[in-house]
Amino acid sequence: MPGMVLFGRRWAIASDDLVFPGAFELFFRVAWWIGILVLYLKQKGKLNCVGGALLNSYLIVLIILLAVIICVVSAVVYVSMKGTICNPGPRKSMPKLVYIRLALFLPEMVWASLGAAWIADSGVHCDKTVVNAIIATVIVSWIIIASTVVTVIIVFDPLGGKMSPYSTSSTDPLDTNDSSQLLNGLKTAARSVWETRIKLMCCCIGKDDHTRVAFSSTAELFSTYFSDTDLVPSDIAAGLTLLHQQQDKKRKDLEEVVSHSLVASQESDLDTELENCHHYVQFAAAAYGWPLYIYTNPFTGFCRIGGDCCRNRTAEYEFIGGDHLSCHFGSILKTTGLHYRDFIHISFHDKVFELPFLVALDHRKETIVVAVRGTMSLQDILTDLSAESESLNLECEGISQAAKYVYQRLISDGILSQAFSIAPEYRLVVVGHSLGAGAASLLAIMLKNSYPEVKCYAFSPPRGLLSKSLSEYSKSFIVSLVLGKDVIPRLSVTNLEDLKRRILRVIAHCNKPKYKILLHGCWYELFGGDPDNFPTELEGGNQVDLTQPLLGEQSLLIHGSPSYNVFDESPRESPTRYPYLYPPGRIIHLVEDDSSGRSYCCSTSRYNAKWATEAEFSKILIGPKMLTDHMPDILIRALDSVVSERATCISCPTQGDFNTNIV
């Protein structure tokens, strides 16, 4: 931090990012230099051959050139290790060293080309060992040159030409008009760049109006989040590493505060709702079709549903909606345990804002189940990322559009009417996972007036979904289930803004160089340790050792951006244009049990279940499981574990103690 300015533009790499690549190149170059030197000293007498003088000159010049490169790379690594993320002063000579290092590629390319030409010359008749070694040297030289070109492409910042004149290291602040013009220009350029990137990534999904709207909305979201910071990717990685350790320091205090905030009366129906979640999660999983079934049963899955993939069930397809379901139908039958006649409609039609769903009769619970599929395609990702406010106070405009699509299909196509004509006494239940959970929650709200007894079970729903009033209203008929540190139920635009501010704050207050942060972070993630051994706050005695004052948090932002003067702890006071929104319904939180030595009979349980408040999901938690806890198969296994353990604990003599522990 900040991004280095080279050749008149900013690049997506900082002056302290060259420690690891430089150390790798240094190790490689030293080994290469020693090998060439040993080869030359041992084979020097065998170069008295036709063309040997040319090869002798080639080796001597190569040894000298490698020695110069080793010295420059050593200087680059040494300087890159100095200072901290927000104290680039000790690294002010880095651009000059980088220019020198890049300049050395020119003679290296020339010499590699000459070496290739000499080796190809049929007039060279020398010892094969020498010739083969020089061939290897030429190949290695070109591999390094090609790797450098790839690296340059990776760290190229399309917006670098616009940002370089306003580098945050500048001592002259911009006036208000200049700041506003700069920010508006950056936002426009960033939106265009992100839209181009998204179109390239999603080039195969069509160009209808919904897709164009999703492209624009997603580009707006990304450009809003990233355009006002002067951070490079490694700064974000270091910030996330520090935040994870900081969270682990505070975890016990947070858990203690949360445990006292829970309402005791909510415990009464926890077992009932857990059993319902355990039952209906199979329908949410079935909505994913055969890909999830094969993923969760990699060795036997295809054998189990292979016959259904090839079987002609035209009459059955017509009965459930007419879609050609192929392997999907077999996996749905295996996952739910139902018969094909129990299904009213199954649709795997998949477009932007249009989600696959199924409708089935669940005779065990005497319910009509509507299951909406979660994220599984590029179209679904665009639906996830389309964030605009709607009249129902919904932030995720894409999810609300998906819910409206399913609603129109259920009502206008008469699907629910058909289901209730078969089982008029059954109740309606809507379920879904991830994106499907968000759509299912909104769908349940839309259906509430027509079907007052509707219930919804939302598994790992997105957080930024409902206004506070709508969230409170939904608590009477929606239950959300969240596993561990799952990032999606904590993910909203306001929470992302809060995460950005926390990253800025923690790296601005850290007195360690970036390479030490990343090394310690890797060790901590792989092998654990005590986060207290790595302080993230500057100690008073260390500040005098800095060669220049810390740039501070505000220097990490573009001057004049909306976030420039906002470093409060509360995500609700974010300057973003997106409102602060809430998750749907009441929330059951499955928390990994890290206690030990408990004497009651249920001490083997890996997870504890508890009613949670939305405040527990007001910050994004960093950790290795923040992504894996969202996977439906892992959620199902955790839910299986909790339900089976709680059933066992009914006969436990110390049941009272168990209930006290899980709060």
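No experiment lies behind these values; they were computed from the predicted model shown.
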Next item on the list: Enter the distance from Q282:CD to H278:NE2 here, rounded to the nearest 0.5 Å.
Entry: 6.5 Å
Note to self: With side-chain contact (heavy atoms from CB on, under 4.5 Å) as the test, pick out the partner of I636 among I634, D640, L639.
What the structure shows: D640
Margin query: Tell me whether T336 contacts the main-chain N or O of I332 through its side chain, where contact means a donor paired with an acceptor under 3.5 Å.
Written below: yes
Next item on the list: Can you sort out the partners of K448 under salt bridge (charged side-chain N to carboxylate O under 4.0 Å, His left out), two or more places apart, ordered by chain and number?
Entry: none
Check: Can you name the residues that form a side chain to side chain donor-acceptor pair (under 3.5 Å) with Q408, not counting sequence neighbours?
Finding: S412
Notebook entry, point to check: Looking at residues at least two apart in the chain, or sitting in another chain, which of them share a side-chain contact (heavy atoms from CB on, under 4.5 Å) with H589?
Noted result: V482, R490, V591, K610, A612, E616, F617
Check: Looking only at heavy atoms, which two atoms of A440 and G432 are closest? And how far apart?
Finding: CB-N, 4.1 Å
Checklist line | Sole candidate of I344, V429, L416, L358 that passes side-chain contact (heavy atoms from CB on, under 4.5 Å) when paired with V370 | finding: L416
Item checked: For A437, side-chain contact (heavy atoms from CB on, under 4.5 Å) partners two or more places apart -> A458, P461
Note to self: Applying side chain to side chain donor-acceptor pair (under 3.5 Å), can you list everything that pairs with Y405, at least two apart in sequence or on another chain?
What the structure shows: R409
Note to self: Once you measure the plane-to-plane angle for F329 and Y340, does it fall in the parallel (<30°), tilted (30-60°) or perpendicular (>60°) bin?
What the structure shows: perpendicular
Item checked: L243 CG to L499 CG distance, which is reported to the nearest 0.5 Å -> 6.5 Å
Checklist line | Non-neighbouring partners of T241 that pass side chain to side chain donor-acceptor pair (under 3.5 Å), sequence neighbours left out | finding: none
Margin query: I want to check something: taking the side chain as every heavy atom from C-beta on, are E472 and S474 in contact at a cut-off of under 4.5 Å?
Written below: no
Note to self: Just so I know, are the side chains of H328 and P291 near enough to count as touching, which here means a heavy-atom distance under 4.5 Å?
What the structure shows: yes
Next item on the list: Search all heavy atoms of G484 against all heavy atoms of D629 and return the closest pair with its distance.
Entry: CA-OD2, 3.5 Å
Next item on the list: Please check if atom NE2 in H339 has more than 12 non-hydrogen atoms from other residues, nucleotides or ligands closer than 6.0 Å.
Entry: no
Notebook entry, point to check: Under the side-chain contact (heavy atoms from CB on, under 4.5 Å) test, which residues partner S450, sequence neighbours left out?
Noted result: none
Checklist line | Audit row: Y288, Y293, side-chain contact (heavy atoms from CB on, under 4.5 Å) steps and yes/no | finding: CA-CA 8 Å; Y288 283 99; Y293 187 80; over 6 Å; no
Next item on the list: Evaluate the criterion side-chain contact (heavy atoms from CB on, under 4.5 Å) for residue pair E273 and I588; output intermediate values, then yes/no.
Entry: CA-CA 9 Å; E273 295 297 2; I588 298 176; 3.9 Å; yes
Notebook entry, point to check: Honestly, is K468 close enough over Y582, meaning NZ or CZ under 6.0 Å from the six-membered ring centre and within 45° of the axis?
Noted result: yes
Notebook entry, point to check: Among all residues two or more places apart in sequence or in another chain, which pass the side-chain contact (heavy atoms from CB on, under 4.5 Å) test with A423?
Noted result: L361, Y426
Checklist line | Steps toward salt bridge (Lys or Arg N to Asp or Glu O under 4.0 Å) verdict (K625, E592) | finding: CA-CA 11 Å; K625 294 186 177 181; E592 191 164 12; 2.8 Å; yes
Note to self: Apply salt bridge (Lys or Arg N to Asp or Glu O under 4.0 Å) to residues D269 and R586 and explain how you reach the verdict.
What the structure shows: CA-CA 12 Å; D269 62 341; R586 294 183 296 163; 3.0 Å; yes
Notebook entry, point to check: Is there side-chain contact between P462 and I488, with at least one heavy-atom pair below 4.5 Å?
Noted result: yes
Next item on the list: Determine, stepwise, if the pair F357 / I415 fulfils side-chain contact (heavy atoms from CB on, under 4.5 Å).
Entry: CA-CA 12 Å; F357 67 97; I415 297 173; 4.1 Å; yes
Item checked: Rounded distance [0.5 Å steps], CG in L442 versus CG in L466 -> 6.0 Å
Checklist line | Least distance between heavy atoms, I399 atom then A439 atom | finding: CG2-N, 3.4 Å
Notebook entry, point to check: Are N276 and V479 side-chain neighbours, meaning at least one heavy-atom pair lies under 4.5 Å?
Noted result: no
Margin query: Which residues pass the ring pair (Phe, Tyr, Trp, His ring centres under 6.0 Å) test with Y457, not counting sequence neighbours?
Written below: Y280
Check: Are side-chain heavy atoms of W611 and I587 found at a separation under 4.5 Å?
Finding: no
Notebook entry, point to check: About how many Å separate CZ of F348 and CH2 of W290, when rounded to the nearest 0.5 Å?
Noted result: 11.0 Å
Notebook entry, point to check: C277 and F459: which non-hydrogen atoms are nearest, and at how many Å?
Noted result: O-CZ, 3.5 Å
Note to self: Listing request: all salt bridge (charged side-chain N to carboxylate O under 4.0 Å, His left out) pairs with a residue in residues 274-289, at least two apart in sequence or in separate chains.
What the structure shows: E275-R364, E275-K365
Next item on the list: Answer whether the closest heavy-atom distance between the side chains of I622 and I620 falls below 4.5 Å.
Entry: yes
Next item on the list: Report the distance from atom CG of L581 to atom CG of N495, rounding to the nearest 0.5 Å.
Entry: 10.0 Å
Checklist line | Interatomic spacing from OG in S417 to CD1 in I411 - rounded to 0.5 Å | finding: 6.5 Å
Next item on the list: Output every pair passing salt bridge (charged side-chain N to carboxylate O under 4.0 Å, His left out) with a member in residues 427-444, not counting sequence neighbours, ordered by first then second residue.
Entry: none
Item checked: Shortest non-hydrogen contact from G239 toward I503 -> CA-CG2, 4.1 Å
Next item on the list: Would you tell me whether H244 and E525 have side-chain atoms, one donor and one acceptor, within less than 3.5 Å of each other?
Entry: yes
Checklist line | R463: which of P584, S480, S618 passes side-chain contact (heavy atoms from CB on, under 4.5 Å) | finding: S618
Next item on the list: Considering non-hydrogen atoms only, spot the tightest contact between V642 and A609 and give its length.
Entry: CG1-CB, 3.8 Å
Item checked: Non-hydrogen side-chain atoms of E354 and Q401 separated by less than 4.5 Å -> no
Next item on the list: Check the pair L465, L470 against side-chain contact (heavy atoms from CB on, under 4.5 Å), reporting the backbone distance first and the verdict last.
Entry: CA-CA 9 Å; L465 202 63; L470 206 54; over 6 Å; no
Next item on the list: Please list, chain by chain and in numerical order, all residues satisfying side chain to side chain donor-acceptor pair (under 3.5 Å) with D633, sequence neighbours excluded.
Entry: none
Note to self: What I'd like to find out is whether the side chain of Q247 reaches to under 4.5 Å of the side chain of L621, using heavy atoms alone.
What the structure shows: yes
